[in-house]
Structures are given as C-alpha cells and as structure tokens.
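Below you'll find the structure, written out as structure tokens, and then a few comments.
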Amino acid sequence: MSEEHAMIEGEGGKSLDYWRRAHINFFTRELEGIGAEFNEDVLVVFEEFEVVFQF
C-alpha cells in the first residue's frame, strides 16, 4: 500500500499510517473468525475503478 492509495481510499485523514492501523485491526478480527492469524506477509489487493457511464 502506498501513501497515494491510502489518500485515494480517503479514510482517516487519508494517511497511510491510519490506513495501516485500521486495516490491520480489521484483518486481524476477520482472520480470527476463521482460526487464522494476521501477519505482514498477507497479500492485500487494492482495486481502483473508473466510472465510464452514469444514468
């Protein structure tokens, strides 16, 4: 994750530090639910979409 991607997501003042804290907490809780443990090597995919048509 980069500063640019954290800014695009737009949460928590758009900082990478906030993004990391919030998402590590989220991933930790979600993985506990399936008996797994978060670690820094977990692959995270960030997708960005472009609106090409609006009604």
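- Taking all atoms of both residues into account, the shortest heavy-atom contact from Thr28 to Ile24 is OG1-O, 2.7 Å.
- The cluster map of Ile, Leu, Val, Met, Phe, Trp and Tyr, joined by side-chain heavy atoms under 4.5 Å apart, puts Phe38 and Ile34 in the same cluster.
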With a 3.5 Å cut-off and sequence neighbours excluded, list the donor-acceptor pairs that the side chains of residues 3-15 form with protein atoms.
{"residue": "His5", "atom": "ND1", "partner": "Ser2", "partner atom": "OG", "Å": "3.0"}
{"residue": "Glu9", "atom": "OE1", "partner": "Trp19", "partner atom": "NE1", "Å": "3.2"}
{"residue": "Glu9", "atom": "OE2", "partner": "Trp19", "partner atom": "NE1", "Å": "3.2"}
{"residue": "Glu9", "atom": "OE2", "partner": "His23", "partner atom": "NE2", "Å": "3.2"}
{"residue": "Ser15", "atom": "OG", "partner": "Tyr18", "partner atom": "N", "Å": "3.0"}

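- Applying the salt bridge (charged side-chain N to carboxylate O under 4.0 Å, His left out) test to pairs two or more places apart or on separate chains, none has a residue in residues 26-38.
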Expected list for residues 40-47: side-chain donor-acceptor pairs under 3.5 angstrom, two or more places apart:
{"residue": "Glu40", "atom": "OE1", "partner": "Arg20", "partner atom": "NH2", "Å": "3.2"}
{"residue": "Glu40", "atom": "OE2", "partner": "Arg20", "partner atom": "NH2", "Å": "3.4"}

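- The side chain to side chain donor-acceptor pair (under 3.5 Å) search around Asp17 returns Arg21, not counting sequence neighbours.
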